[in-house]
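First comes the structure, then the notes that go with it.
A, B, ... follow the sequence lines: proteins, then strands. Residue 1 opens every chain.
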There are 2 protein chains.
Amino acid sequence: MAQTRVRVRDADATKARILEAAKEEFARLGLGGARVDEIAERAKANKRMIYHYFGSKEELFKVVLEEAYIDIRTAEQSLDLEHLPPREALSKLVTFTWRYYLENPEFIRLVNSENLHKARHIKDSARLQEVSRRFTGMVNDILKRGEDEGVFRPGIDPVQLNITIAAIGYYYLTNRFTGSFLFEQDFMASEALDARLAFNLDTVMRLVEAR
Amino acid sequence: MAQTRVRVRDADATKARILEAAKEEFARLGLGGARVDEIAERAKANKRMIYHYFGSKEELFKVVLEEAYIDIRTAEQSLDLEHLPPREALSKLVTFTWRYYLENPEFIRLVNSENLHKARHIKDSARLQEVSRRFTGMVNDILKRGEDEGVFRPGIDPVQLNITIAAIGYYYLTNRFTGSFLFEQDFMASEALDARLAFNLDTVMRLVEAR
DNA sequence: CAGGTAACGCACTATTTAGTTACTTTCGAT
DNA sequence: ATCGAAAGTAACTAAATAGTGCGTTACCTG
C-alpha cells in the first residue's frame with residue numbers, strides 16, 4: 001500500500017493547479033470579473049496559497065498572461081517554418097494561428113483583458129519582448145526568401161503582415177457572439193470555420209504574391 | 001433675469017447625461033469593472049435616477065450598446081456608397097471603418113465587453129439585426145456591381161469581406177497596447193496610423209480585384 | 001393657484017470581495 | 001526519531017458595491 005501513497009503536500013502541483021484555474025477564470029470573466037475565491041475552489045487549493053505563491057490577484061494575472069504568450073510563441077517556433085518553401089511556410093503559419101486560437105480560446109480572452117487594462121501587466125517583461133522579436137524575424141525571413149524566389153512581391157512590412165494574419169482569425173473568433181447574432185449565422189458551425197480559414201488563406205496569399 | 005433661468009428638472013437631459021457617462025465608464029472598464037456610483041457622479045445625476053430610468057446596471061448597458069451599434073450603422077448608411085463606382089465605394093468603406101474606430105474608441109471596447117458576455121445583452125434586439133442586414137446588403141451590392149463591371153472577381157462572400165474589413169482595423173486598435181509593447185513601436189503615432197490604413201486598403205483591394 | 005405627478009436626493013442594507021491573522025500538519029534532512 | 005521549515009487551513013476584516021425605502025422639491029395642468 002505504501003506505493004499508492006499520494007503526495008499530500010506538493011508546492012509545484014498546487015502552483016500548477018492554481019495557474020490552470022486562474023487561466024480559466026480570468027479568460028471567462030476578465031481580470032475584473034474573476035474571483036479569487038472561485039480560483040481557489042477550482043484549483044482545490046486554499047485561497048491563502050494564492051497569496052502565498054503569487055502575492056496578489058494582479059500578480060497572478062501577470063504570470064498567467066506571460067505563460068499564455070510564451071506558450072503560443074513556443075508552439076510557433078516548433079513549426080520549423082524556416083525549412084519550408086515561402087508560400088507553404090506562410091500558409092502553414094496562417095493555418096496554425098487560426099487553429100491555435102480555436103483550440104486555446106482562453107488566449108484571445110486574456111489578451112483582450114490585458115488590452116482593456118492598457119497592457120500594464122506585461123509592461124516590464126523583457127522576456128515577452130524577446131520572443132516577439134524572434135517571431136517577427138521569422139516572418140521577415142519567409143518574406144525575404146519569397147521575394148528572392150520571385151513568388152512574393154517586395155516591400156511587405158512583416159509587422160503589418162503579422163498583425164493582419166492575427167486579426168482576420170482573432171476578430172472572427174472573439175466577436176463570434178455578436179457576429180453570429182447580427183449576421184444570422186452560426187460562426188462556430190464546422191463549415192463556417194472551414195470557410196473562414198479558406199477565406200483567410202486566400203486573403204493573405206493575394207496580399208503577398210507577386211502578380 | 002427670467003430668461004436666464006435654467007431648467008432644474010429635465011428628464012431627457014438627465015437621461016442623456018447618464019447614457020453618455022455610462023458609455024464612457026463601460027468602455028473604460030467593461031461591464032464588470034464599471035461602477036454605478038461612478039456613472040452617477042460623472043453624469044452629475046443621483047444614482048437613484050439610473051435605477052429609475054434604466055432599471056439596472058445591465059439594462060443600462062443594453063441601451064448603451066444598442067445606441068452604439070445604431071450610431072455606426074447610421075453613419076455607414078450616410079456614406080452613400082451606392083452612388084460611387086465599386087472600387088471607390090469599397091475603399092471609402094475601409095477608410096470610413098478605420099476612421100470611425102479611431103474616432104470612437106468606445107465602440108470597440110463596448111463590443112469587446114459584450115462578447116466577453118456572449119452577446120447576451122443584444123440577443124433580443126430585432127432592430128440591430130435589421131440594420132446589420134441592410135449593411136450586408138449594401139456591401140453585397142458593391143461586390144455585384146464590381147463583378148458586372150469586371151473590376152472585381154466573382155464569388156466573394158459579402159459577410160466574410162465585412163468581417164475582414166472590420167478585423168484588420170479593429171484588431172490593430174483594440175490590441176494596440178500589447179502590440180506597441182511587443183513590437184516595440186508606437187501604434188498610435190500618426191505615421192503608424194497612416195501606414196496601417198494604407199496597408200489595409202491594399203489588403204482589401206488585392207482581395208477583391210480581378211487579376 | 002392648487003395639487004398631483006414626475007424628478008430628484010439622502011442615507012441605508014445586504015452581500016460580496018481582496019487580502020490577512022494566527023494557527024495546524026506534513027515532510028525531508030540530519 | 002526529531003525538529004525546523006514549508007505547506008496548508010479556517011475564520012476573520014475592512015472596504016466596496018448594486019440596489020432601495022422613503023421623503024422632498026420643482027413643474028405642469030386644469
Side-chain angles (χ1 to χ4, degrees), chain A residues 1-65 113 116-117 120-121, chain B residues 1-65 113 116-117 120-121:
Chain A
M1 289 305 269
Q3 290 301 9
T4 40
R5 169 96 168 284
V6 180
R7 251 177 119 79
V8 172
R9 306 216 154 172
D10 188 332
D12 289 344
T14 304
K15 256 190 206 170
R17 285 203 318 280
I18 291 172
L19 276 174
E20 187 56 34
K23 183 160 85 177
E24 281 174 34
E25 179 78 357
F26 284 133
R28 218 162 44 95
L29 301 164
L31 171 61
R35 298 295 162 233
V36 178
D37 287 287
E38 181 69 21
I39 293 170
E41 195 171 335
R42 283 176 177 238
K44 292 185 207 305
N46 192 278
K47 182 165 62 155
R48 196 65 189 77
M49 290 294 96
I50 292 176
Y51 290 92
H52 185 233
Y53 290 128
F54 299 98
S56 72
K57 186 186 180 183
E58 301 235 343
E59 285 293 320
L60 175 59
F61 184 70
K62 223 180 233 185
V63 177
V64 166
L65 245 185
S113 196
L116 182 63
H117 295 281
R120 69 168 194 264
H121 302 93
Chain B
M1 291 303 266
Q3 290 302 11
T4 40
R5 169 95 168 285
V6 180
R7 252 176 118 79
V8 173
R9 306 215 156 174
D10 187 331
D12 289 343
T14 304
K15 257 191 208 171
R17 284 203 318 281
I18 290 172
L19 277 174
E20 187 56 33
K23 185 160 85 176
E24 282 173 34
E25 179 78 356
F26 284 134
R28 219 162 43 95
L29 301 164
L31 171 60
R35 299 295 162 231
V36 178
D37 286 287
E38 181 69 21
I39 293 171
E41 195 172 333
R42 281 175 178 239
K44 290 183 207 305
N46 193 279
K47 183 166 61 156
R48 197 74 188 72
M49 290 294 97
I50 292 176
Y51 290 93
H52 184 234
Y53 290 127
F54 300 98
S56 70
K57 186 186 179 183
E58 300 236 342
E59 284 294 320
L60 176 58
F61 184 70
K62 222 181 234 184
V63 176
V64 166
L65 245 185
S113 195
L116 182 62
H117 296 280
R120 69 166 194 265
H121 302 94

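- Partners of B:Phe61 under the ring pair (Phe, Tyr, Trp, His ring centres under 6.0 Å) rule, at least two apart in sequence or in another chain, are B:Phe26, B:His121.
- Against DNA chain D, the stretch residues 24-42 of chain A makes no heavy-atom approach under 4.0 Å.
- Between A:Thr14 and D:dG8 there is a side-chain N or O to OP1 or OP2 distance below 4.0 Å.
- The stretch residues 15-28 of chain A participates, sequence neighbours left out, in these side chain to side chain donor-acceptor pair (under 3.5 Å) pairs: A:Glu24-A:Arg42, A:Glu25-A:Arg28.
- Partners of A:Lys62 according to the side chain to side chain donor-acceptor pair (under 3.5 Å) rule, which considers only residues two or more places apart in sequence or in another chain, are A:Glu59.
- Using a 4.0 Å cutoff on non-hydrogen atoms, the parts of residues 44-58 of chain A near DNA chain D are A:Asn46, A:Arg48, A:Met49, A:His52, A:Tyr53, ordered by number.
- With sequence neighbours left out, the side chain to side chain donor-acceptor pair (under 3.5 Å) criterion links B:Asp10 to B:Arg7.
- With rounding to whole Å, A:Glu59 atom CD is found 14 Å from C:dG19 atom C1'.
- Between the B:Lys57 side chain and the B:Leu31 main chain, a donor and an acceptor come within less than 3.5 Å of each other.
- With sequence neighbours excluded, the residues satisfying salt bridge (charged side-chain N to carboxylate O under 4.0 Å, His left out) with B:Arg120 are B:Glu58.
- Taking atom CZ on B:Phe61 and atom C1' on D:dA18, their separation rounds to 16 Å, with Å as the unit.
- Under the side-chain contact (heavy atoms from CB on, under 4.5 Å) criterion, B:Leu116 pairs with A:Arg109, sequence neighbours left out.
- The salt bridge (charged side-chain N to carboxylate O under 4.0 Å, His left out) search around A:Lys47 returns A:Asp37, not counting sequence neighbours.
- For the pair B:Asp12 CG and C:dA7 P, the interatomic distance rounds to 9 Å; values are reported in whole Å.
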